[in-house]
Amino acid sequence: HLSAMCQNLGDLHVTGPLKDMNFSIPEGGAVRFIYQFTSEPPAVSFRATGEKDGIIDIVPRTGILFLNGSLDWETKAVHRLQVESLDEKGNTVKGPYTVTIYVEDINDNPPEFDQIMYTGVVRQNSRPGSNIGTLIATDMDEENTLNSRLRFKIESQVPPVPASNLFFIQQDTGILQLTSRSLNKRIASNYSLKVLVSDGVFQTICDVQVHVIDINDQIPIFEKSDYHNVTVAESLPVGTVILEIQATDGDEPGTGSSYIIYQMKEGDPNNTFIIVTDSETNRGFVKTNKALDFEATPVYNLVISATNPEPLVLGVQYNSSSLTLFKVFVTNVDEPPVFHKTVYKGEVFEDIPVNTLVMTVEAYDPEGDTVRYSLKGDVRKWLRIDSATGQIYTASTLDREQEEMYTVEVVASELTQKSKATFILHLSDVNDNPPLLAMDYPPFFCHPLSGGERAFIQADDADEQLWYSTFTFSLADDVNTRNNWEITKANATHAYLSPKHVNFEEKVYNVPVIINDNGKPPLERKVNLEGILYLMVVYHDYIS
Ligand SMILES: *[C@@H]1O[C@H](CO)[C@@H](O)[C@H](O)[C@H]1NC(C)=O
Ligand SMILES: *[C@@H]1O[C@H](CO)[C@@H](O)[C@H](O)[C@H]1NC(C)=O
Ligand SMILES: *[C@@H]1O[C@H](CO)[C@@H](O)[C@H](O)[C@H]1NC(C)=O
Ligand SMILES: *[C@@H]1O[C@H](CO)[C@@H](O)[C@H](O)[C@H]1NC(C)=O
């Protein structure tokens, strides 16, 4: 088999005496024969030690240095062996000499990307030439040789809209750039690129995803830096549009980066105005949010700002182009007097004397005109008002039992205008009503009496529950009444009247009864019960 190795000798100078030697051999398994050392007596054979790595050796008898396998530059680029010649007994004659085998790289490795897939982002509307990222690929072949020199190229772009060559990769550096300005997220929000890297022999393809994003790097710019002024009457209804404003924003339409929020930055501490944005057009409508008041604020010097809901990217800031000026002049309108309250409430006892002060109402006129007061709806003529001071007094005696919540209107007038408020006077109860008999007809007994009869009597009182809940019934203190009649309590509001004997004539008897309520102090009433004694017969006849 050695003769087969020798067929690769070609015209190389391949034999010579033993000495230090260097060889350069391309990697791979093509070369088998390296060199043949010649021997001089007493040497009869050769021996090699060192980095033979199982593939390099020397034939002892012939001195042929040979390869039995493939050298691989990427695994081991240099092999060092020690070679010596030996005599019959195996003793060294010459050497050891160093034989160095340099493995030459051949382009046997494909380039490799450091990532299987790259993802890049690019802001829409970026300038041509903007960098998206750098692709890194390596090749295991020898550095700084053609074998490892890589070249990048874009193979395909999907989708090919709005053009098919939107991206560019620098051939030597792998820097991916934008060629065109025409990236628009609404046309395509991401692109798939196939990028190819080649070392001249091998090539590798890598996927690159490019996402088109929107970034808020544009500030809203007002069409005008000053909208001058508008003059409005203070009576202008709340919600009226007094001005339309416009700013524009270069960021992607329909996103928080381009939507504009208008605000009163200065001159409107009480939020008297509000600005509504039309989300389609970014037009702003300045409206009144509260009633204007010439007397409080006749002029507004407003500074309006335009901002985006999304924050701006670092390095971009709102500037004075996002501000505009506007003045509002408010004109006076004669306004009616204003009451401090719309409803005044008072509470007094129903028995207070006439001319008692029960309430003071107060209204002011925004223009400062004198205000006069009057009452309306005082149907019971219970009240009067001091037209200058707004003090309300009782004009007659009050009565809770007639009206517990007395409601009147208070009118405040100036020369031309008037306004109204309500005054409700709550009357508290006083025990000012004595009890009454609460019966449609007087009690009666049938004649002749047989003993044990009794009649129910009931009392009532116009005052509040507290006063009439319990009544005390008693007979007047005269001998005749006491001898004939007896009264006994049934419950809080009822009692029984009974004859004390049966010897009554058939006639009407007057029975004086005294009823007390439990008020403090209690009120008492003396009533004459006309107890009538009828004949049973009359009753029977009536039925038949
Ligand atoms: C060459 O290598 C093969 C496999 O490793 C081995 O069997 C053979 O003996 C080797 N030849 C020589 C001359 O070393
Ligand atoms: C890329 O864009 C297409 C269409 O615009 C969309 O359907 C797809 O989901 C996007 N892919 C990614 C990873 O954003
Ligand atoms: C804001 O309200 C306060 C308190 O009501 C008032 O004193 C001030 O004048 C108002 N300012 C403006 C500009 O309306
Ligand atoms: C504000 O910034 C924008 C760019 O963001 C610029 O075009 C404009 O001139 C600036 N305005 C002023 C008043 O500096």
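We use all heavy atoms of the structure for the numbers below, so side chains are in, but hydrogens, waters and symmetry mates are not. Numbering of ligands and ligand atoms starts at 1, following listing order.
No more than 12 heavy atoms of other residues, nucleotides or ligands lie within 6.0 Å of CD in E280, so this atom counts as exposed by the packing criterion.
Of all protein heavy atoms, the one lying nearest to atom 7 (O) of ligand 4 is I221 CD1, 4.8 Å. Taking atom 14 (O) of ligand 4 as the reference point, the nearest protein heavy-atom neighbour is N319 ND2, 3.5 Å. At the shortest separation from atom 11 (N) of ligand 4 among protein heavy atoms lies S321 OG, 2.7 Å. Nearest protein heavy-atom contact of atom 13 (C) of ligand 4 is S320 OG, 3.2 Å. At the shortest separation from atom 10 (C) of ligand 3 among protein heavy atoms lies N270 ND2, 2.4 Å.
Salt bridge status for K94 with E84: absent, with no side-chain N to carboxylate O gap under 4.0 Å. Checked for salt-bridge contact, R80 and E51 miss the test: no charged N lies under 4.0 Å from a carboxylate O.
Side chain of T331 to main chain of V232: a donor-acceptor pair is present (N/O by atom type, distance under 3.5 Å, no hydrogens or angles). Put simply, the side chain of D199 gets close to the backbone of V201: a donor and an acceptor are under 3.5 Å apart.
Checking only distances, T297 does come within under 3.5 Å of ligand 3, N or O to N or O.
The ligand atoms of ligand 4 that sit less than 4.0 angstrom from a heavy atom of I219 are 1 (C), 2 (O), 5 (O).
Within a 4.0 Å radius of atom 4 (C) of ligand 4, the protein contributes no heavy atom.
At a threshold of 4.5 Å between non-hydrogen side-chain atoms, the residues Y373 and V361 count as touching.
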